Amino acid sequence: MAELAQIFTTICLPVLAAMGLGWLLDRKFGLDLNTLVKINIYLLVPCFIFTRVASSQLGSAEAGKIILFTAAVIACMFLLSSAASMARRHPAGSRASLRLATMFYNSGNFGLPVVTLAFGEFGAAIQVFVLLTMNISTFTVGLFIASGGDGTRKGLWARLSPILRQPAIYGVTAGILVKEFRLPVQDAVWLWKPAEMMADALVGFALVTLGAQLSKTKPPNLLRGGVLGWALGIRLAAGPLCAAALAHAFGFPPDWIPVLILGACSPTAVNTALLAHEFNADSRTAAAAVFYSTLLSPIAVVAALALAK
């Protein structure tokens with residue numbers, strides 16, 4: 001019990017405290033969430049990905065392995081949520097929301113700070129490739145799933161354009177080019193230092209943003225229907241278990257496996273609720289999954305770290 005309390009106070013409590021500051025600031029001043037999200041997506045996250053990829057000690061093969069692992073976790077969540085929907089005979093909108101809520105998790109605003117607190121720069125170097133895969137998957141596969149929530153179909157360009165607008169893609173491309181061709185970008189102090197400062201600001205700013213998002217979210221009824229219960233169970237319980245099985249199956253080094261499992265303890269990604277709303281899926285269930293999985297995720301984090309130790 002003392003070990004669990006220590007894990008909670010050293011890993012989860014700092015995350016919750018930073019989120020609480022964002023919640024309090026929004027309650028006091030009514031923060032502009034649109035601006036906070038744009039700073040995260042268009043400035044801090046690309047700088048973080050660029051600097052971490054460019055300076056990463058991981059080889060291309062190792063990075064590719066992490067990307068394949070993350071895609072496999074997403075695929076497992078798709079199979080589990082699809083099986084649950086078939087068994088419960090969910091309508092199209094609820095089926096789409098359940099898949100979105102379980103497949104795509106908050107590896108940036110939540111997962112990255114937690115992994116960094118628990119494992120330092122070593123964990124962050126691994127998590128950055130999980131974050132990259134999750135961002136791309138959310139706005140490709142996730143967008144495709146959400147667009148089927150109301151039975152309508154979108155054109156190819158309508159589905160591709162959100163992907164091409166994601167600066168994280170260009171950040172990782174630039175980072176890979178710098179790393180592979182060994183470009184001395186760190187010698188360009190005027191470029192590298194500002195990028196490093198933005199990258200270092202991501203963890204705290206992302207948590208404050210997440211707290212502001214929760215402040216603006218009206219908590220739906222936790223007991224509403226069975227879809228929400230399935231979403232929370234699959235995301236927070238089955239997700240880490242699948243990650244554990246896959247991490248061993250992929251043959252990752254023993255010190256990598258806890259990092260990958262902990263990242264999979266992250267709650268439902270906020271973007272999934274936005275996609276469900278945009279394409280008329282069951283957006284209320286999607287929003288509820290984001291809200292309650294974020295509040296309950298420290299339980300999964302403490303359990304994962306306790307088992308890892």
Side-chain angles (χ1 to χ4, degrees), residues 1-22 40 44-45 48-49 51-53 55-58 62-63 65-67 69-70 73 104-135 196 199-211 214 235-248 250 252-270 293-309:
M1 184 62 69
E3 185 179 5
L4 294 179
Q6 182 182 12
I7 292 173
F8 180 79
T9 54
T10 57
I11 305 299
C12 295
L13 194 57
V15 171
L16 294 174
M19 288 168 52
L21 290 175
N40 272 282
L44 303 186
V45 169
F48 181 90
I49 291 178
T51 56
R52 296 306 186 266
V53 171
S55 60
S56 174
Q57 300 301 312
L58 299 180
E62 296 168 315
K65 199 173 181 180
I66 297 170
I67 292 172
F69 161 82
T70 307
V73 173
F104 308 106
Y105 45 93
N106 195 343
S107 56
N109 286 15
F110 185 93
L112 182 60
V114 168
V115 167
T116 303
L117 282 171
F119 300 103
E121 288 300 315
F122 167 74
I126 296 174
Q127 183 69 10
V128 67
F129 292 101
V130 177
L131 170 60
L132 167 69
T133 311
M134 197 60 60
N135 280 346
E196 268 195 329
D200 292 340
L202 173 63
V203 171
F205 196 88
L207 289 174
V208 169
T209 301
L210 183 56
L214 292 179
R235 171 82 299 281
L236 296 178
L241 292 175
C242 285
L246 288 169
H248 286 90
F250 271 74
F252 285 108
D255 55 340
W256 288 36
I257 293 176
V259 179
L260 296 169
I261 296 174
L262 185 61
C265 294
S266 300
T268 301
V270 177
S293 65
T294 302
L295 295 183
L296 295 174
S297 55
I299 300 175
V301 168
V302 170
L305 286 174
L307 291 174
K309 289 188 175 184

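As the structure is a computational prediction, the values presented were derived from the model and not from experiment. The analysis underlying the following values was restricted to heavy atoms, covering all of them including side chains, and did not include hydrogens, waters or symmetry mates.
To the nearest 0.5 Å, the span separating OG1 on T133 from CZ on F104 amounts to 12.0 Å. Between the CG atom in L202 and the OG1 atom in T51 there is a gap of 9.5 Å [rounded to 0.5 Å]. Here L246 contributes atom CG and L241 contributes atom CG; the two are 11.0 Å apart, rounded to the nearest 0.5 Å. For the atom pair L16 CG and L207 CG, the distance stands at 9.0 Å (nearest 0.5 Å). Here the CZ-CD distance, from R52 to E196, works out to 7.5 Å after rounding to the nearest 0.5 Å. Between atom CG of residue N109 and atom CG of residue L131 there is a gap of 9.0 Å, rounded to the nearest 0.5 Å.
Residues E62 and W256 come closest through the heavy atom pair CB-CH2, 3.9 Å. Here the shortest heavy-atom pairing between P240 and I261 reads O-CG2, 4.0 Å. Annotation for A118 and L262: closest pair CB-CD2, 3.7 Å, computed over non-hydrogen atoms. Minimum heavy-atom separation, P298 to C12: O-SG, 3.8 Å. The two residues F110 and V15 have their closest heavy-atom pair at CE1-CG1, 4.1 Å. Nearest heavy-atom pair, P113 versus V203, reported as atom, atom and distance to 0.1 Å: CB-CG1, 3.5 Å.
At least one side-chain heavy atom of L305 sits less than 4.5 Å from a side-chain heavy atom of F119. Using a 4.5 Å cut-off on side-chain heavy atoms (C-beta onward), L296 and L236 make contact. Counting heavy atoms from C-beta on, the side chains of V128 and L112 never come closer than 4.5 Å. Contact of the N106 side chain with the L210 side chain is registered, since non-hydrogen atoms from C-beta on lie closer than 4.5 Å. Proximity of I11 to V114: side-chain heavy atoms (C-beta onward) are separated by under 4.5 Å at one or more points. Put simply, the side chain of I126 does not reach to within 4.5 Å of the side chain of F69, judged on heavy atoms. Between T70 and Y105, some side-chain heavy-atom pair lies under the 4.5 Å cut-off.
In this structure, the side chain of R235 engages the main chain of S266 through a donor-acceptor pair within 3.5 Å. In this structure, the side chain of Q127 engages the main chain of S107 through a donor-acceptor pair within 3.5 Å.
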task = Would you check, one step at a time, whether the test side-chain contact (heavy atoms from CB on, under 4.5 Å) holds for V73 with L260?
result = CA-CA 10 Å; V73 173; L260 296 169; over 6 Å; no

ask   = side-chain contact (heavy atoms from CB on, under 4.5 Å) between L58 and I66: does it pass, once the steps are laid out?
value = CA-CA 10 Å; L58 299 180; I66 297 170; 3.9 Å; yes

query = Taking it one step at a time, do D255 and F122 satisfy side-chain contact (heavy atoms from CB on, under 4.5 Å)?
reply = CA-CA 10 Å; D255 55 340; F122 167 74; 3.7 Å; yes

request  = Under the side-chain contact (heavy atoms from CB on, under 4.5 Å) rule, what do T294 and T268 come out as? Steps first, then yes or no, please.
outcome  = CA-CA 7 Å; T294 302; T268 301; over 6 Å; no

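A cation-pi arrangement is not found for K65 relative to F250, the charged atom failing to lie both closer than 6.0 Å to the ring centre and inside a 45° cone about the ring normal.
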